[in-house]
Protein chains: 2
Amino acid sequence: MVVAGQLAASLSRQWHMARYAAQSQAKRTVTKQFQAGVRAVHIPTFPRTPIKELLAAKKPVDDVSSTDDATTVYGWVKTIRRQKNFSFITINDGSSFKSLQVVCDSSVNPEALGDISVGSSISVTGQVTHAPKSGQVEVQAESVNVLGTSDASMYPLSKKYHSLEFVREHLHLRPRTNTFGALTRVRNALSQGLHNYFQSNDFVQVHTPILTSIDAEGAGEQFRVVRDTESPTTNGNQFFGLPAYLTVSGQLHAEMYASALSKVYTFGPTFRAENSNTSRHLSEFWMLEPEMAFAGLNECMTTAQDAVQQSIQLALEKCPDDLDFFHTQYAKTHGKDLMGQLNTVLSNEIPHITYTDAISILEDAPVKFELKPTWGMDLKTEHERYLAEKHVGGPVFVTDYPAALKAFYMRQNDVENPDRVTVAGMDLLVPSVGELVGGSVREERLEVLLEKMRASGVDSTGLDWYLDLRRYGTVPHAGWGMGFERLVLFVTGMDNIRDAIPVPRFPGACRH
Amino acid sequence: MVVAGQLAASLSRQWHMARYAAQSQAKRTVTKQFQAGVRAVHIPTFPRTPIKELLAAKKPVDDVSSTDDATTVYGWVKTIRRQKNFSFITINDGSSFKSLQVVCDSSVNPEALGDISVGSSISVTGQVTHAPKSGQVEVQAESVNVLGTSDASMYPLSKKYHSLEFVREHLHLRPRTNTFGALTRVRNALSQGLHNYFQSNDFVQVHTPILTSIDAEGAGEQFRVVRDTESPTTNGNQFFGLPAYLTVSGQLHAEMYASALSKVYTFGPTFRAENSNTSRHLSEFWMLEPEMAFAGLNECMTTAQDAVQQSIQLALEKCPDDLDFFHTQYAKTHGKDLMGQLNTVLSNEIPHITYTDAISILEDAPVKFELKPTWGMDLKTEHERYLAEKHVGGPVFVTDYPAALKAFYMRQNDVENPDRVTVAGMDLLVPSVGELVGGSVREERLEVLLEKMRASGVDSTGLDWYLDLRRYGTVPHAGWGMGFERLVLFVTGMDNIRDAIPVPRFPGACRH
């Protein structure tokens, strides 16, 4: 760690009180008492210019080197190419997909250059210029410091190409790859886009609890939570006085808050304990769940459409290079048109059809399905994808499913045909992914709800508070849920849900 | 539930295809195949005007009734006052702190009026007017529908005033109270303000995992997670192949991503299994944790200050009525000046002092502390509050704590006095609450980190990936954490952390 020592020495020269102390003196009215206790503290500042900002610098008209003061950039080395009199290093700091080229002539500290390999972290001070032919921004290094070396014989990512499977084994380093840097930035933009939509439409975010005494109600297997120092008992948790589980959905608690604040949403982690080792299942994943009082199925569909559109729109605005990478490096090589798919979502209202009509369409389809479509069956991925990809050629809502297929809380439609009882639910199906969103009007009628709970074998003991919401000022309300990783898959065109979340959890995977 | 039936009938008259189908036809280019499968589906829409929007309506110059078409509002009844020829009902829909007054003359359906009590949900159609004297917006009802009754003899919140303790017992209904409606909206604005700060400063949000094999490293007791259908074993979890815990902090995983994307933050639930039944502890709480590569203590302080300021600023902009309520109803009655306190934070740079100076200040303080201040001791709440409230009169950063007090990952300062080894850490202390933020430079030197782990008795077995971040391109980096509920307490002036989160979890409390 001599290197780190050099770093500290090098940085200490750059340390200054900067904005902090200066503004402190300028703006702050301090009491005498306070001033007496204050001493100038030597606090370091890193005057870092993000690579993203440098790359956005306009090309000067006369195409000569900038006469600005030297700039300092920091990053990890992606490539290094040594020639006789020059070394060319590309570095990336995660602020953008594109890396920055650093040009070092022979005057630049040769010992430092000798220590650099792929994965090293360095700081470079030099002049920002534009390459003569390409006009591309680059830095002519005046000095280079190695912050942290990276033993090329040990560094798992030193080669240029690795499979997604290989990289998944090195989870802690995979954010440094092009693919996972891009995934992380796109995921962030999609998340921000969803927040922006709900906040600008006066929804109130509610942080619903992860720990819950509600058992899954058929939504899947659950994880149970015990105090580490206690021996868990089978008939109750000594800490909470009740068995405590990890939530499978924030919906019921979102209903609690929608029954007072009208428009709310929850966006947080949810859990499933199924022992499913597939590319479509995670033990921990993020779920977005808006819930609206005084709302019905139409509000479900318009908000789902608008939220998804606004989210994708922001990803396109914030991450054009990242999405272009997914389009050209992944989608195109698999014959998919990712950008076309995203633009289809953005430029159209999403149509809706009933489940009953969907079944008719599938029955008439010039395709042989593995499972023959019949009224009453649950749509499988093959059917969902046919509807979205072949029949509509884009996303489609399917509404009014058979009651027997859906959860107890979905509101029953007026019965026209006793053999075909349906509920006011909707799923949003999208190409490639299948079901992206599922929602419904909630059963707000106490007697109907109780009857449905009895019929579905749901124990109402722990749900008395949920029934109270129907006892005191019940209201028509509706909401939906979206598995956020499915949106990430849809937008990036990636296939495996384990690649759509920063640190995936699935059976056998909790090491990192 | 006759009432709900009436509702459905009443609403069905308002149902129309609205924007959805109309825009669908206008904008969408559908294939013939698709058109063949589509039928007009009868999907309800609720043309609701939020009360917040109505109340913001400008008073007409001539002070006469609006000639607009009738408006429909929905909400829960806060009060009802019956007079001979008129009934006055106030309703709230959670969109604003203020409720809306509905005036019903004797022409309005008297059966419906008879069913209304506090807590009922109703819809009102009528003309928006301004009260002659006050100019206040109100609605002259043409018709009133009861959506859901509320049996006044049963409804727990039918009286006007309830203690916070009483309301906490009725967790699922407390969002309907003035206090908890306001808390929820303020909490939302603070959360959004934090996201806005980090997003506008190019931080990337990373959803760090809740399930982790990292044990708490001395940060506190942990919850352990088992598959509900498995009998938990003491030496490992059969599902993940390792014992799995609920995270106590996202920091280490945030460092994973900062070591590639430079500026990241995580904002999500964290857990503690301490059996602490106090007003300052929760089993589940939200934590904000930014992490920055190529950054030091100064970046920690500037970002913490700016994030807190921007968050409070947004709450003041979005929730003036809510904060005014906390100021006048809670703070003022306890002799506190909440607004003054918030404005102090907004209008000043936050000063910083070293721990060593802080001890000197405390030693010289004209106050008798329960625990006498001496160098090397952990600051207690009495000391923290003295520094913030009495000495500075506002928030203050305390930096460079004794190494022995702080976690193994904090970066050790250069040793000037071997008896007083310090680390580059900082705490932000604020009036009323004490420690709001804690952060540090992270130890990026592999050997120093290993030595500190050995000295602290931290088992490095499961942390090999964390050490790898120092083996391959290690960088100077720093970050901080803020218990979000503490910010909510600071901004609302509330005392009990159980009131600062929508659905609190603490020993014995997991029923709702």
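So you know, we letter chains A, B, ... as the sequences are listed, proteins then strands, and number each from 1. Because the structure is predicted, anything quoted here is derived from the model rather than measured.
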> Looking at A:Leu157, A:Asp151, A:Thr184, A:Asn92, which makes the most heavy-atom pairs under 4.5 Å with chain B?
Replying inline: A:Thr184

> Under a 4.5 Å heavy-atom cutoff, which of A:Thr177, A:Val204, A:Ile501 has the most pairs with chain B?
Replying inline: A:Val204

> Given side chains that start at C-beta, do those of B:Ser259 and A:Arg176 come closer than 4.5 Å, heavy atoms only?
Replying inline: yes

> Could you state the interatomic distance from NZ (B:Lys52) to OG (A:Ser262), rounded to the nearest 0.5 Å?
Replying inline: 12.0 Å

>> Using side-chain heavy atoms (C-beta onward) and a distance below 4.5 Å, is A:Ser123 in contact with B:Phe294?
In response: no

> Side chain of A:Arg505, backbone of B:Leu211: donor and acceptor closer than 3.5 Å?
Replying inline: yes

> Hey, is the main chain of A:His207 close enough, under 3.5 Å, to the side chain of B:Trp286 for a donor-acceptor pair?
Replying inline: no

>> Quick one: does any side-chain atom of A:Tyr257 pair with a main-chain N or O of B:Pro502 as donor and acceptor, under 3.5 Å?
In response: yes

> What option among A:Ala509, A:Ala260, A:Pro507 has the most heavy-atom pairs under 4.5 Å with chain B?
Replying inline: A:Ala260

> When heavy-atom pairs shorter than 4.5 Å are enumerated against chain B, which of A:Leu246, A:Asn196, A:Thr208 gives the highest number?
Replying inline: A:Leu246

> Donor-acceptor pair, A:Ser150 side chain versus B:Gly473 backbone, under 3.5 Å?
Replying inline: no

>> I need the A:Arg511 CZ to B:Trp465 CH2 distance, nearest 0.5 Å.
In response: 11.0 Å

>> Any side-chain to backbone donor/acceptor pair from B:His512 onto A:His253? Under 3.5 Å, distance only.
In response: no

>> Please find the pair of heavy atoms, one from B:Thr474 and one from A:Ser121, that lie closest to each other, and give the distance.
In response: O-OG, 2.5 Å

> Parallel under 30°, tilted from 30 to 60°, perpendicular over 60°: which one fits the rings of B:Phe223 and A:Phe240?
Replying inline: parallel

> Would you find a donor on one side and an acceptor on the other, under 3.5 Å apart, between the side chain of B:Glu284 and the backbone of A:Ile210?
Replying inline: yes

> Contact part of B:Ala358 toward chain A, heavy-atom cut-off under 4.5 Å: side chain, backbone, both or neither?
Replying inline: neither

>> When you compare the side chain of A:Arg48 with that of B:Lys263, does any pair of heavy atoms fall below 4.5 Å?
In response: yes

